[in-house]
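Per chain, numbering begins at 1; letters A, B, ... match sequence-line order.
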Amino acid sequence: MKKQLITSALPYVNGLPHLGHLVGCLLPADVYARYQRQRGAEVLFVCGTDEHGTPSEVGAAKEGMDVEAYCKKYHDLHVAMYAGFNLSFDYFGRTSSDQNKEITYRIFHGLEANGLIEEKVTQQVYSPDDNRYLPDSYVMGTCPHCGYDKAKGDQCENCTKVLDPTDLINPRSVLSGSSNIEIRETKHLFLNLPKLEKELEQWIETKKGVWPDIAYSIAKKWLKEGLRERGITRDLKWGFAVPRAGFENKVFYVWFDAPIGYIGITKQWADERPDERRWEDWWMNADAVRHTEFMGKDNIPYHTITFPATLRGTREGWTEVSFLKGMNYLNFAGGKFSKSAHRGIFLDDALAEFPADYWRYWLMANAPESNDTNFTFDSFAMIVNKDLNDVLGNFINRVIKMTVANFGAEVPPTGPMTDAERELYQSLDTLIADYTKYMDGLEFRKAMSVLREIWVSGNNYIARMEPWKVVKTDRAYAGTILRTALNLIRLFAQLSAPVMPETAARMLAIIGEPATFVWPTEKAAVYLDGVPAGRSFTAAEPLFQKIPAERIEALKVQYKETEA
RNA sequence: CGCGGGGUAGAGCAGUCCGGUAGCUUGCCAGGCUCAUAACCUGAAGGUCGGAGGUUCAAAUCCUCCCCCCGCAACCA
C-alpha cells in the first residue's frame with residue numbers, strides 16, 4: 001500500500017478562519033486522513049499557516065505589531081481552533097519557517113539552473129504616503145467604463161470589466177485613501193510557464209474523469225488560454241529575501257513559497273525527530289507516495305498549474321499531486337463568508353455554540369462538492385436533530401435502556417442466529433462496501449448518506465424484532481437481539497469515527513470498548529460478535545442534544561443570517 | 001460573443017460521461033409500534049428534469065440556440 005500524503009490548502013494567517021475554510025479543505029482532509037489511518041495506511045497529514053504577503057504586513061501595521069509577532073499571534077489562534085475541531089494534523093507548521101526558506105531556495109535555484117527564471121521590468125503602483133508598493137486590488141478609483149467610483153485596480157465590481165490600476169480615474173490607495181499615486185518601474189523575476197505548458201497539458205489530460213470535474217476543467221481552462229510568465233517576486237519586506245544580486249529589497253511572492261510550504265512544513269515535522277523521520281521519504285519518493293490535496297476552487301489554478309510547474313521545472317522528481325479534491329464554496333445568507341466583513345460563522349463562535357462533531361457531521365453531509373452550498377441554521381438544526389439525535393443517538397439510547405431494564409447493565413448472552421440476523425449482516429455488508437467505496441473515492445456527501453443508512457438499519461432491526469415483546473416470551477432470544485444491537489453500536493462507532501471522532505469514542509466507552517479505531521474489512525457478522533456477553537457497560541447520557549426552535553431563531557438573529 | 005460550475009417534487013440533493021418506466025433526504029398525509037430523546041419502522045401522494053428547436057423507435061442524458069444563479073479572470077489570498 002502506498003504512503004498517504006495528505007495536504008490541506010494552507011489557510012492565510014491574517015484573521016480568523018470560518019466554516020468555509022473548514023469545509024473547503026481542512027475538514028475533508030482530516031476525515032480522509034482519519035479514514036486512511038483506520039485502514040492501516042501510513043499517513044502524513046500536514047498543513048499550516050500561509051504567512052507572507054501584503055495582507056500580513058498591512059494587518060500587522062493596523063494592530064501596531066511587527067509582522068513576525070503578528071503572524072505568531074494568529075498562527076497560535078489558528079492552532080487552537082483547529083485543535084477544538086479535532087483536526088488530526090501530523091504537523092501544523094508555518095510557511096515562514098526556516099525549513100520552508102531552505103526548500104524554497106533549493107527549488108528556486110533548481111528552476112534557475114534549468115533556465116526557467118527570467119528578469120523583467122514591470123510597472124507597479126507606488127504609494128509614497130503608505131510607503132509601499134500597492135497590489136492592484138489595493139488601488140481604488142472610478143471605473144472608466146461605467147463610472148463606478150469604488151472600482152479596484154484589477155477589476156470593476158460593478159461592471160465586471162478587467163482593469164489595470166492605470167485605467168482608473170482618480171486612483172487612490174485603499175489603505176490610506178491618499179491619491180498621491182506613482183507608477184514606478186521595478187524589476188521582477190518570472191517563472192517561464194510557457195516552456196512547461198506542453199508537459200503540463202499532457203499530465204492534466206490523464207486526470208480527466210479521475211479528478212472532480214471542477215479541478216480538471218479549471219486546469220484545462222488555464223491551459224486553453226495559454227500560460228503566461230508568472231511573477232514570483234514582490235516589492236515587500238515580509239517574506240523570503242530573493243537570493244540574487246539586484247533584488248536586495250524584494251521577497252518571493254506569497255504564492256511562490258506558500259505551496260512549497262507543504263514541503264517546508266514536512267521538513268519542520270521531520271526536524272523534530274531527525275533520527276526517525278525524513279521529509280524526502282514523502283517528497284522525493286514519488287512512486288511510493290499517493291498525494292491527495294484538498295482545497296477550495298479558488299486555489300485550483302495554483303495547484304494544477306503553477307505549483308506542479310514549479311516542482312517539475314527543477315527536474316528533481318518531486319512527489320506530485322495524485323488526487324486533487326477541489327471543493328466549491330459554502331455560502332452564508334446568499335453570499336460568501338467574509339473575513340474582512342466578519343460575515344458568517346467563525347470557528348471560535350461555532351465551537352462556543354455546539355460540539356465539534358455537530359459541525360463536522362453537518363459540513364461533511366452537506367459538503368459543497370458539486371455546487372456552492374448554503375449554510376443555514378434551519379438545515380444545521382434539521383440534520384443535527386434528525387440524523388444525530390433521532391436516528392443515531394436514539395438508537396443507542398433505546399438499546400441501552402432496554403438492555404438495562406431487562407438484563408441489568410451487562411451484555412446478555414447470545415443464542416442461535418436467525419434469518420433476521422443473517423439479513424441484517426447481509427445488508428450491512430452491502431452498505432459498508434458502498435460506504436468504503438465512497439470514502440476511497442472522496443465522495444463525502446454520498447459517504448455520509450450511506451453512513452446514515454447504516455444507522456437507520458439499526459433502528460430497522462430493532463423495530464422488526466420488537467425485543468420489548470420478545471423478552472416476555474423468549475428471554476434468551478431477546479438477549480440475542482440486544483447483544484446484536486450492542487455490537488451494532490460498536491460497528492457504528494468504527495464507521496462514524498472519521499467524521500465524528502469524539503462521538504465515536506463515547507460510543508465505544510458506553511459498551512466498554514477501548515477507543516481504538518479499525519476499519520471493518522471483514523464480513524459484518526464478525527463485528528456483530530465482538531462485544532462479549534457478561535461485560536458490564538455504563539448507561540450514559542444521550543449522545544446528542546436537540547436544538548430547539550427558539551434557539552434556531554435566536555442564532556439566525558445573532559449571526560445575521562436573515563440579513564439581505 | 002472571456003472562462004468554468006450549476007438550474008431535476010415545497011426545500012436540499014443524486015442520476016447526465018455510457019439514451020431505455022425519474023431516485024434519495026426532508027416536509028406533508030396515512031398506517032404500525034409504544035423499548036427509546038413526542039423518538040423509531042412501513043406505505044402513499046407530490047416532478048411537462050430552466051426554455052425553444054433538433055437527432056432517435058426512445059432524450060434529464062446527445063446536438064444547436066437562448067434565459068437565470070454562482071464563482072473565477074493570473075499583483076487579495
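For B/U16 and B/A77, the C1' atoms lie 35 Å apart once the distance is rounded to whole Å. Between B/U55 and B/C41, the two C1' atoms lie 48 Å apart (nearest whole Å). Taking the P atoms as reference points, B/A73 lies 38 Å from B/G20, given to the whole Å. For the C1' atoms, the distance linking B/A9 with B/U26 amounts to 12 Å, nearest Å. Nucleotides B/C35 and B/A45 place their C1' atoms 31 Å apart, quoted to the nearest Å. With both ends at atom C1', the span from B/C70 to B/G23 equals 26 Å, rounded to whole Å. Separating the P atom of B/G5 from that of B/G43 is a span of 38 Å, rounded to the nearest Å. Nucleotides B/U25 and B/U21 place their C1' atoms 23 Å apart, quoted to the nearest Å.
Looking at the side chain of A/P55, the nearest of the listed nucleotides B/G71, B/A77, B/C75 is B/A77. The listed nucleotides are B/A39, B/A77, B/A74; the one nearest the side chain of A/R228 is B/A74. Checking B/U37, B/G27, B/C35 against the side-chain heavy atoms of A/K386 singles out B/G27 as nearest. For A/P135, counting side-chain heavy atoms from C-beta on, the closest listed nucleotide (B/C75, B/C72, B/C40) is B/C75. Comparing B/C13, B/G71, B/C75 against the side chain of A/D372 picks out B/G71 as the nearest. Comparing atom distances between the A/T373 side chain and each of B/U37, B/C13, B/C75 picks out B/C13 as nearest. With B/C13, B/C41, B/U37 as the choices, the nucleotide that has an atom nearest any side-chain atom of A/S370 turns out to be B/C13. For A/Y302, the side-chain atoms get nearest to B/A73 when compared with the rest of B/C33, B/A73, B/C76. Checking B/U34, B/C13, B/A77 against the side-chain heavy atoms of A/W468 singles out B/U34 as nearest.
Residue contacts for A/V125: at a heavy-atom cut-off of 4.0 Å it reaches no nucleic acid atom on any strand shown. Using a 4.0 Å heavy-atom distance criterion, A/G393 is classed as a base contact. Across all strands, A/P542 comes closer than 4.0 Å to base atoms (heavy-atom distances). No contact: A/G326 has no heavy atom under 4.0 Å from any strand. Residue A/K546 is in base contact, counting any heavy-atom pair closer than 4.0 Å across all strands shown. In this structure, A/V391 reaches neither bases nor backbone, as no heavy-atom distance under 4.0 Å exists between it and the strands shown. Residue-level contact check: A/K220 touches neither bases nor backbone, having no heavy atom under 4.0 Å from any strand.
The distance between atom CE of A/M448 and atom C1' of B/C13, rounded to the nearest whole Å, is 16 Å. In this structure, A/Y12 places its OH atom 9 Å from C1' of B/C76, rounding to the nearest Å. Atom pair A/E57:CD and B/A77:P shows a separation of 11 Å (rounding to whole Å applied). Following rounding to the nearest Å, A/F252 (CZ) and B/A77 (C1') show an atom-to-atom distance of 19 Å. Look at CE on A/M402: it is 14 Å from P on B/C40, rounded to the nearest Å. To the nearest angstrom, C1' of B/C76 lies 18 Å from CH2 of A/W238. In this structure, A/N459 atom CG and B/G32 atom P are separated by 20 Å, rounded to whole Å.
Counting only N and O atoms by type, the side chains of A/Y361 and A/D387 include a donor and acceptor under 3.5 Å apart. If you check the side chains of A/W238 and A/S96, you find no donor sitting under 3.5 Å from an acceptor. For the 3.5 Å distance criterion, the side chains of A/D130 and A/S173 qualify, holding a donor opposite an acceptor. Using modelled atom types, one finds a donor on one side chain and an acceptor on the other under 3.5 Å when comparing A/Y477 with A/T418.
Toward the 5′ end of RNA chain B lies the nearest nucleotide of A/S217, the other residue of the pair A/L236 and A/S217 mapping further downstream. In terms of position on RNA chain B, the residue among A/M382 and A/F544 whose nearest nucleotide sits closer to the 5' end is A/M382.
Both tests pass for A/R475 against the ring of A/F407: distance under 6.0 Å to the centre and angle within 45° of the axis.
Taking only side-chain nitrogens and oxygens, A/R452 comes nearer than 4.0 Å to OP1 or OP2 of B/U26. Listed pair A/N460 / B/U42 meets the phosphate criterion, a side-chain N or O lying under 4.0 Å from OP1 or OP2. One finds a side-chain N or O of A/K469 lying less than 4.0 angstrom from the OP1 or OP2 phosphate oxygen of B/U34. Side-chain N/O atoms of A/N374 include none lying less than 4.0 angstrom from OP1 or OP2 on B/A11. Using a 4.0 Å cut-off, some side-chain N or O of A/K446 falls inside it from OP1 or OP2 of B/G15. The phosphate of B/C75 has OP1 or OP2 within less than 4.0 Å of a side-chain N or O from A/R230. Contact check, A/Y253 against B/A77: a side-chain N or O comes under 4.0 Å of OP1 or OP2.
In this structure, A/R360 does not pair ionically with A/E502, as no charged nitrogen and carboxylate oxygen lie closer than 4.0 Å. Note on A/R464 versus A/E423: salt bridge recorded, some NZ/NE/NH1/NH2 to OD/OE distance being below 4.0 Å.
Applying side-chain hydrogen bond (donor to acceptor under 3.5 Å, both in side chains) to A/T186 and the options A/R234, A/Q123, A/K120, A/K250 leaves one that passes, A/K250.
Evaluation of atom-type donor-acceptor distances gives a pair under 3.5 Å for the side chain of A/Q124 against the base of B/C75. Scanning atom types as modelled, no donor and acceptor separated by under 3.5 angstrom connect the side chain of A/N397 and the base of B/U37.
Other residues, nucleotides and ligands contribute over 12 non-hydrogen atoms within 6.0 Å of the CD atom of A/E369.
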